[in-house]
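For reference, the structure is listed below as structure tokens.
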Amino acid sequence: MQVEGNIGPIERLDVQAVAVAVFKDEKPNTDYLKKLDELSGGLVNAVIDSGEFSGKEGETSYLHLVGNNKLKAQRLLLVGVGAKDEYDAAGASQMSGTAVRSLRDKKVNSIAVAPRSSGDSSEIAAVAVEGAFIAVFDPDKYRTVEKENQKKVDRIVVVIEGADAGAVNSGVETGRIIGESINFTRDMANEPGAYMTPSDMAERAREVATEFGLSIDVLDEARMEQEGMGSLLSVSRGSEQPAKLIILKYTPPNVDESNKELLSFVGKGVTFDSGGISLKPGENMELMKYDMTGGATVIGTMRAIAQLKPPIPILGVAPCTENLPSGKATKPGDVVRAMTGKTIEVINTDAEGRLILADAMAYAKKLGATKIIDMATLTGAVSIALGDVNAAVLGTDQPLIDEIISAGREVGEKFWQLPLDKEYSKQIKSDIADIKNVGGRKAGTITAAAFLKEFADGVAWAHLDIAGTAWGDEAKPYRSKGPTGIAVRTLLKIVERASAKK
Ligand code: BES
Ligand code: MG
Ligand code: ZN
């Protein structure tokens, strides 16, 4: 898909359709609506007056301007964006996505999107392009007939009338990098377990490292043994597929030797979670292919970072393994020793994410991490607590947690903090070892984080539980169902903000 920037005016654009944003209950006498009404030969006011379009968020109205010679495109899509004072960058991204999906359904393949926002035109152009990329992703990769994406969008023009062309164009480029990287993560998450084994994840990471210039190291099981990663290895024991620990590192062009800060992302890469000997019920088990979304998020985010080239170094770590039962698999009651030396009683082999993250976090620290954000489809309990609207954030560093919540708000991803009082750690005390890997029925998302906290000494740490938000059961006007790509944009916003402080 080709993307380009434009500074208008919209009437001259050489595309099949132009999509414009309209606020809720916007009065037809504003200059903006007056112009649109004029360009449409009175149709815009007619549609608004009829009450069939009120500008509610996600609402659309598609107008064919037959014989009209004022708007070159001759097709106009009104996209409702809700209340004016609530419309922000996240809203502009969704407006663009809604426009693209709605026009694609009509078999339009060259589209101009006018997201209409005051503020930084480079930023608005970027989020509109991101929204367009997110919109065209469909999970039906293996369908051979009647594919959604057979209606293909070839060209997107993001128009910000009267803006500086250079700013719009640089925003478009940023948006392309971020949008493609989000879809890269979504594609990985969507792959069946058979096509996205730990080795496949390592191969994708290698391709990214080679194409965009990151350093990469992949630890095999022999090296994990040497490092004493008994916790991570206990999960892969039952599988024929060997575990892989993927390390990606971005180093900025001009390294600042005095800077000892190393922001690190650590993501759970369980390429299929059957539960192991503590086998899961069959219903919905097919979805456990997306249990590697945290790892894919790290790789996708690093893919964008390599191209955006921020002035700070970033480390990405993805422990990857299957979780399967077999005669070799770890059994409930077994005790394993993590890289830090801590012993863990494995009560439930289905609480495997925390076991692999424990060693991955220890290794990130060994590589110099000073700040760790880990992300994982860690607990079913997070869906009970927060549904598919908010991801949970917990951790030991309140400024880092606040930064995640506020960066998320800026890009339209919601994170809600859950408490992590020390009392919860009592639930993971073991009778036989230092800790155990489950904390009972109460506060499942919190006790999972309390487990990870045992491996977060000496670093600023926050944990994102994305089990409820990484997969959408229903399509939205701006996004298909399936993998959502949650957290990529938030992590990139955090990097952008940290870069601005440099
Ligand atoms: N991969 C699951 C969590 C999950 C559930 C992700 C639903 C996405 C959707 C995780 O490994 C798991 O099985 N957690 C257990 C922990 C329990 C045994 C303490 C859970 O949530 O039931
Ligand atoms: Mg194995
Ligand atoms: Zn599990």
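Indexing begins at 1, ligand by ligand and atom by atom, following the structure's order. Numbers for residues simply follow the sequence, beginning at 1.
- The aromatic rings of W461 and H463 sit parallel to each other, their planes meeting at less than 30°, with 60° as the upper class boundary.
- For the Zn ion (ligand 3), the neighbouring protein N/O/S atoms at less than 2.8 Å, given as residue and atom, are D273 OD2, D350 O, D350 OD1, E352 OE1.
- Taking 4.5 Å as the limit, every side-chain heavy atom of D138 sits out of range of all side-chain heavy atoms of K151.
- Side-chain polar atoms of R303 and S181 form a donor-acceptor pair below 3.5 angstrom.
- Enumerated by chain and number, the residues approaching ligand 1 to less than 4.0 Å through a heavy atom are K268, D273, K280, M288, Y290, D291, N348, D350, E352, R354, T377, L378, T379, G380, V438, A467.
- Across all their heavy atoms, T185 and A296 have their closest contact at OG1-O, 2.9 Å.
- Heavy atoms of other residues, nucleotides or ligands lying less than 6.0 angstrom from NZ of K414 number 12 at most.
- For an aromatic pair to be called close, the ring centres must be under 6.0 Å apart, and Y142 with Y195 satisfies this.
- Looking only at atom types and distance, the side chain of D388 has no donor-acceptor partner in the side chain of W471 under 3.5 Å away.
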(request) Determine, stepwise, if the pair R497 / S406 fulfils side chain to side chain donor-acceptor pair (under 3.5 Å). (result) CA-CA 11 Å; R497 288 179 175 188; S406 107; 2.6 Å; yes
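- Under the 4.0 Å criterion applied to side-chain N and carboxylate O atoms, E413 and K493 are not assigned as salt-bridge partners.
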